[in-house]
Amino acid sequence: MSKRALITGVTGQDGAYLAKFLIEKGYEVFGTYRRLSSPNFWRLQSLNIADRINLIPADLLDGTSIVEAMEISKPDEIYNLAAQSFVGASFEQPIGTGEITGLGTMRVLEAIRQVNPKVRMYQASTSELYGNVNQSPQNEDVPFHPVSPYAAAKLYGYWTVKIYREGYNIFACNGILFNHESPLRGLEFVTRKISNAVAKIALGIDNIIEIGNLDAKRDWGYAPEYVESMWLILQQDKPDDFVIATNESHSVKEFMEKAFSVVNLDWQKYVKINKKYNRPLDINLLLGDASKAKNKLGWEPKVKFDQLVEIMVKEDLLRWERFKKGEHFPWDASNYMSETKILTRSLKT
Ligand code: NAP
Ligand code: F7E
């Protein structure tokens, strides 16, 4: 009989890639989605898997709906990916972020404890837990020092996982994933914001990108590879926590330079600094050490920085070209106010 997996947050970047990966492994995949006034299935549609997932409405704010999702799906494995995941927004909505990203994890663990403690659970923990540490690279033993409401909420989630593992013997694991990106990344995150802007500028649809802290450095990997590590973590004999990273760190400025070089343009002509994108606190440098994952899971990243940037810029170029030709395809641009203005303007010209 095929294994059953329940993914919270299946409509997000990682949820979509993980669902595809598990379907290809022969799993029966269930995924939770939020009831919104407009459906948000563009990622599942663009991967051609929307009709291969059993979709269940559930919200991490509502514990009853998670219990219900567990009862419907009867999973062997739960991947808790749902979160208010944008660090910037966590400063504007700190309470909501705490409720969803922090307490939401406890609601999933409680549902497991009550419905079926044998279920294995993956928790989407994050390199944001490290905050501004002095120790680099960061491995599983480096102490946490969160510097955002998002990171504080994730820290709560991280510890609840450990408490339920040790206290109730639940197979619950933290994947401490460093930033991972893809063409399915939300447009508010810096990498996709840049790849999307570069595509528009190269095609003459736009002429500027406004950006915040160019000096921040991140360890950026490729999301489709990172979701494989989530599955590997749950296939081990014992529950454990793992850092997943590329062991390379690059600045936002380097990302910008590389992205513009893909379309043979000089980035400095198009970039404007706007302080409104700065955060009250930001992390200067993140650099992961994923040796434990390599040794125990056999996981290693293949796509590195330059290739990642190229993949993202080329896919956004393709999208804007298809849009200009009048094609209809699953895409997120129309969900964003800034893009809607450009879409309308382009249609008129
Ligand atoms: P994402 O694209 O922002 O997806 C988040 C998902 O959570 C979406 O499906 C969203 O649904 C759902 N969600 C938000 N609020 C919810 C609620 N109240 N109840 C139920 N679902 C809710 O994030 P991602 O990049 O795929 O990341 C997946 C997870 O990994 C997140 O927990 C994130 O914090 C964590 N993480 C991400 C990275 C990274 O670099 N990507 C690194 C480390 C950890 P809608 O579609 O309805 O908004
Ligand atoms: O910012 C700087 C910004 O929003 C990266 C989430 O998936 O990864 C992600 O969090 C850096 C920061 O990602 C802009 O200040 C400059 O220093 O793309 P980001 P993030 O905050 O690293 C972690 C691992 C997660 O867990 C999160 O869920 O880029 N930056 N200018 C900017 N960032 C944005 N968004 N927009 C700018 O204009």
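Computed from heavy atoms alone, side chains included, the values below leave out hydrogens, waters and symmetry copies. Whatever order the structure lists them in is the order used to number ligands and atoms, beginning at 1.
The NE2 atom of H145 lies 10.0 Å from the CD1 atom of I283; values are rounded to the nearest 0.5 Å. Summarising the geometry, atom CG belonging to L60 is positioned 10.5 Å from atom CG belonging to L103; distances are rounded to the nearest 0.5 Å. In this structure, the separation between CE on M256 and CD1 on I211 is 4.0 Å, given to the nearest 0.5 Å.
The nearest protein atom to atom 31 (C) of ligand 1, hydrogens excluded, is given as L81 O, 3.0 Å; this is a heavy-atom distance. Looking only at heavy atoms of the protein, atom 21 (N) of ligand 1 is closest to A82 CB, 3.4 Å. The nearest heavy-atom contact from the protein to atom 1 (P) of ligand 1 is S85 OG, 3.7 Å. The shortest contact between atom 16 (C) of ligand 1 and any protein heavy atom is with R34 CD, 3.5 Å. Protein heavy atom in closest approach to atom 18 (N) of ligand 1: D59 OD1, 2.8 Å. Of the protein's non-hydrogen atoms, the one nearest atom 37 (C) of ligand 1 is H180 CE1, 3.9 Å. Among all protein heavy atoms, the one lying closest to atom 20 (C) of ligand 1 is L60 N, 3.5 Å. Nearest to atom 27 (O) of ligand 1 among the protein's heavy atoms is D14 OD2, 3.7 Å.
Ligand 1 has at least one atom lying under 4.0 Å from a heavy atom of N40. Contact between Y150 and ligand 1 is present, with at least one heavy atom of the residue lying under 4.0 Å from the ligand. Close to ligand 1: K154, with a non-hydrogen atom less than 4.0 angstrom away. Distances shorter than 4.0 angstrom occur between a heavy atom of L36 and an atom of ligand 1. Under a 4.0 angstrom heavy-atom cut-off, S125 registers as being in contact with ligand 1.
With K154 contributing its side chain and A124 its backbone, the two residues share a donor-acceptor pair below 3.5 Å. Formation of a donor-acceptor pair under 3.5 Å by the S46 side chain with backbone atoms of R43 is found in this model.
In summary, the side chains of D219 and Q138 do not present any donor paired with an acceptor at a separation below 3.5 Å, with no hydrogens or angles considered. If you check the side chains of T97 and Q84, you find a donor sitting under 3.5 Å from an acceptor. D59 and S65 share no donor-acceptor pair across their side chains, judged by distance under 3.5 Å alone. With no hydrogens or angles considered, a side-chain donor-acceptor pair links Y336 and E188 at under 3.5 Å. At a cut-off of 3.5 Å, with distance as the only test, a side-chain donor of Q13 or S182 sits close to an acceptor on the other residue. A side-chain donor-acceptor contact under 3.5 Å links Y164 and E110.
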Are Y156 and T105 close enough, and set up right, to give a side-chain contact (heavy atoms from CB on, under 4.5 Å), and what steps lead you there?
CA-CA 8 Å; Y156 179 83; T105 307; 5.8 Å; no
Worked verdict on I233 versus D240 for side-chain contact (heavy atoms from CB on, under 4.5 Å)
CA-CA 8 Å; I233 288 172; D240 203 352; over 6 Å; no
Applying side-chain contact (heavy atoms from CB on, under 4.5 Å) to M230 and I7, what does each step give before you reach the verdict?
CA-CA 11 Å; M230 299 174 183; I7 303 173; over 6 Å; no
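A salt bridge does not link E210 to K276: none of the charged side-chain nitrogens sits closer than 4.0 Å to a carboxylate oxygen. Ionic pairing of D282 and R218 is present here: one or more N-O contacts between side-chain nitrogen and carboxylate oxygen are shorter than 4.0 angstrom.
At least one N/O-N/O distance between R185 and ligand 1 falls below 3.5 Å. Inclusion of G15 in the set of residues having an N or O under 3.5 Å from an N or O of ligand 1 is not warranted. Of the N or O atoms in Q84, none lie within a sub-3.5 Å distance of an N or O in ligand 1. Taking distance alone, with nitrogen or oxygen atoms compared against 3.5 Å, S127 stays at or beyond that limit from ligand 1. At under 3.5 Å, not a single nitrogen or oxygen of N80, backbone or side chain, sits near a nitrogen or oxygen of ligand 1. Of the N or O atoms in A58, none lie within a sub-3.5 Å distance of an N or O in ligand 1.
Remark: aromatic rings of W231 and W299 are distant, center separation not under 6.0 Å.
Annotation for ligand 1: atoms under 4.0 Å from non-hydrogen atoms of N179 are 40 (O). Ligand-side atoms of ligand 1 in range of I100: 15 (N), 16 (C), 17 (C), 18 (N), range being under 4.0 angstrom from any heavy atom. Set against the non-hydrogen atoms of G12, the atoms of ligand 1 under 4.0 Å away are 2 (O), 4 (O), 8 (C), 9 (O), 26 (O). Annotation for ligand 1: atoms under 4.0 Å from non-hydrogen atoms of T126 are 43 (C), 44 (C). Interface of A124 with ligand 1, defined as ligand atoms under 4.0 Å from a residue heavy atom, comprises 29 (C), 30 (O), 32 (O), 35 (C).
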Distances under 3.5 Å, N/O of ligand 2 against N/O of the protein: list each pair and its distance.
residue, atom, partner, partner atom, Å
ligand 2, 4 (O), R279, NH2, 2.8
ligand 2, 7 (O), R185, NH1, 3.1
ligand 2, 7 (O), R185, NH2, 2.9
ligand 2, 8 (O), N179, ND2, 3.0
ligand 2, 15 (O), D282, OD2, 2.6
ligand 2, 17 (O), R218, NH2, 3.0
ligand 2, 17 (O), D282, OD1, 2.9
ligand 2, 17 (O), D282, OD2, 2.9
ligand 2, 18 (O), V190, N, 2.8
ligand 2, 21 (O), R279, NH1, 2.7
ligand 2, 22 (O), N179, ND2, 2.8
ligand 2, 22 (O), R218, NE, 2.9
ligand 2, 26 (O), T126, OG1, 2.7
ligand 2, 26 (O), Y150, OH, 2.7
ligand 2, 28 (O), S85, O, 2.6
ligand 2, 28 (O), Y150, OH, 2.8
ligand 2, 31 (N), G212, N, 2.9
ligand 2, 35 (N), E188, O, 2.9
ligand 2, 38 (O), K193, NZ, 2.7

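Considering F255, Y270, W267 as possible partners of F260, the one that fulfils the ring pair (Phe, Tyr, Trp, His ring centres under 6.0 Å) test is Y270. Shown are R120, K118, K3; of these, the salt bridge (Lys or Arg N to Asp or Glu O under 4.0 Å) with E77 is made only by K3.
Here T11 has heavy atoms under 4.0 Å from ligand 1 in both its backbone and its side chain.
Across the listed options A83, G9, S65, S182, A83 owns the non-hydrogen atom lying nearest to atom 5 (C) of ligand 1.
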